[in-house]
There are 2 protein chains.
Amino acid sequence: MSAQSAEQLLHLETLSETERKILLGALHCFIQQGYFNTRIPDIVAASGVSTGSIYHHFKDKQHLAEALITQLINGLDQAMAKLISQHETPMEQIHALIEWMLTLTDAEPELVSFILYARHREFLPHQPPLCTQQPFEKMRSLVVRARENGDLPPLDEMVLTAAVFGPTLRIMQAAVDGVLPRPAHTYSAALFATIERLSTASAEV
Amino acid sequence: MSAQSAEQLLHLETLSETERKILLGALHCFIQQGYFNTRIPDIVAASGVSTGSIYHHFKDKQHLAEALITQLINGLDQAMAKLISQHETPMEQIHALIEWMLTLTDAEPELVSFILYARHREFLPHQPPLCTQQPFEKMRSLVVRARENGDLPPLDEMVLTAAVFGPTLRIMQAAVDGVLPRPAHTYSAALFATIERLSTASAEV
DNA sequence: GTCTATATGTTGATAGAC
DNA sequence: GTCTATCAACATATAGAC
């Protein structure tokens with residue numbers, strides 16, 4: 001699957017044109033400056049929608065952010081579900097997912113930075129941590145099924161998920177921090193090699 | 001090495017008593033509520049130092065935070081250097097470092113959360129990203145030396161660092177997010193197993 | 001539903017006594 | 001160096017016309 005834009009990841013079809021404009025403007029502001037550095041007038045400028053209209057559609061700044069995060073998580077979840085459905089075995093699905101994560105990082109580094117770093121709980125205290133939500137649950141279930149298939153060793157489920165997806169997430173983080181010499185997706189082969197090695201290691205360790 | 005408290009990690013010996021109290025108070029506030037949710041009166045209450053005195057010692061809130069982050073990074077760096085110096089081979093040093101990271105996570109989860117999640121650039125735009133600083137540089141150099149020793153496979157340096165430390169960092173993140181069933185340090189053996197497998201995998205992959 | 005203009009409340013920072 | 005009291009600026013949220 002090719003990389004998607006931030007707009008495509010927010011599935012905004014059910015919303016009114018104004019709400020779409022507000023959420024996209026807010027997303028751009030939050031991505032670039034962070035939630036706390038974003039002032040309502042910034043969202044007004046970015047969205048082309050007036051203060052009054054923003055407050056007509058959203059109770060306050062916090063609820064606006066909440067709606068945005070919800071849409072984003074749902075969008076990620078749907079994109080991942082579609083991607084997974086296009087492949088057969090758990091290991092193929094894992095590979096496809098990693099390719100997609102790396103490609104998305106190259107295409108939308110600031111969006112990825114927002115997702116990876118975001119301490120959403122700092123501005124949304126009621127939000128559960130990202131890693132307990134659908135996208136990370138999907139990763140875990142893929143790993144568990146690969147383990148059942150015998151494609152991954154019989155290690156603890158949390159550790160195995162961390163070992164399969166942790167390196168990719170670190171590379172993504174390095175990429176968005178600007179300390180990666182090459183585009184993120186060029187590391188996919190080496191990352192797959194580390195996963196291969198998890199499975200094929202000699203048993204007597 | 002046993003776990004250290006937040007206070008021990010900030011090497012504050014060279015500072016005046018008042019500056020120490022201010023930095024520790026601020027650290028507790030930032031850890032618990034984040035930088036933007038912390039008001040000056042919160043730091044006054046947490047440190048027992050008055051507003052005027054705080055502004056006598058630090059130009060403004062941002063410079064206070066900057067001083068704190070610098071101290072914290074230096075403290076981490078020193079603790080890691082000491083730990084590394086107590087072991088011989090790169091692989092032993094890597095193992096010791098991972099044990100220490102996990103133990104610190106159990107002892108000071110909120111401090112670790114602050115370090116891991118902190119988008120310090122959101123409130124300190126001039127700060128380089130954490131992963132380019134001494135602590136992460138140390139991780140990379142350990143991995144490179146282990147690779148030279150033949151203890152790790154000849155993969156890309158960034159990928160190898162991500163493969164060695166990424167899983168541990170993911171487990172730490174899961175721990176501070178409260179989604180880890182057992183204390184973080186109980187996963188060390190399984191984490192070491194994943195690193196072992198990197199090295200001992202059959203060559204013809 | 002959308003807009004402009006404005007009020008309300010907070011907050012970072014300062015002034016000035018001790 | 002430390003403190004209390006206060007200011008000035010600003011950002012959120014609202015009021016009310018269209």
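Each chain gets a letter, A, B and so on, in the order its sequence line appears, and its residues count up from 1. Side chains are part of it too, since the values below use all heavy atoms of this structure and drop only hydrogens, waters and symmetry mates.
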Provide, to the nearest angstrom, the distance between the [atom1] atom belonging to [X] and the [atom2] atom belonging to [N].
X: B/Tyr55; N: D/dT6; atom1: OH; atom2: P; answer: 18 Å
X: B/Glu17; N: D/dT2; atom1: CD; atom2: P; answer: 10 Å
X: B/His57; N: C/dA13; atom1: NE2; atom2: C1'; answer: 16 Å
X: B/Ile40; N: C/dG12; atom1: CD1; atom2: P; answer: 5 Å
X: A/Arg39; N: C/dG12; atom1: CZ; atom2: P; answer: 11 Å
X: A/His56; N: C/dT4; atom1: NE2; atom2: P; answer: 16 Å
X: B/Leu15; N: D/dG1; atom1: CG; atom2: C1'; answer: 16 Å
X: B/Lys61; N: C/dG12; atom1: NZ; atom2: P; answer: 5 Å

Checklist entry - Under the salt bridge (charged side-chain N to carboxylate O under 4.0 Å, His left out) criterion, do A/Arg20 and A/Glu17 qualify, and how do the steps go? => result CA-CA 5 Å; A/Arg20 245 205 309 265; A/Glu17 177 64 18; 2.7 Å; yes
Checklist entry - Which nucleotide sits closest to the side chain of A/Thr18: D/dT12, D/dT2, C/dT2? => result C/dT2
Item to check | Selection from D/dA13, D/dT2, C/dT2 that lies nearest to any side-chain heavy atom of A/Ser50 | outcome: C/dT2
Item to check | Criterion salt bridge (charged side-chain N to carboxylate O under 4.0 Å, His left out) on B/Glu137 and B/Arg140, from CA distance to verdict | outcome: CA-CA 5 Å; B/Glu137 283 300 327; B/Arg140 217 172 52 211; 3.6 Å; yes
Checklist entry - Ring centres of B/Tyr55 and B/His63 under 6.0 Å apart? => result no
Checklist entry - Which part of the nucleic acid does A/Ser16 contact within heavy-atom distance under 4.0 Å: base, sugar-phosphate only, or nothing? => result nothing
Checklist outcome for this item: ring-ring contact (aromatic ring centres under 6.0 Å, His included) test vs B/His120 passes for just one of B/Phe30, B/Tyr35, B/Phe114, namely B/Phe114
Next on the checklist: Quick check on C/dC3: is either OP1 or OP2 less than 4.0 Å from any side-chain nitrogen or oxygen of A/Ser53?
Outcome noted: yes
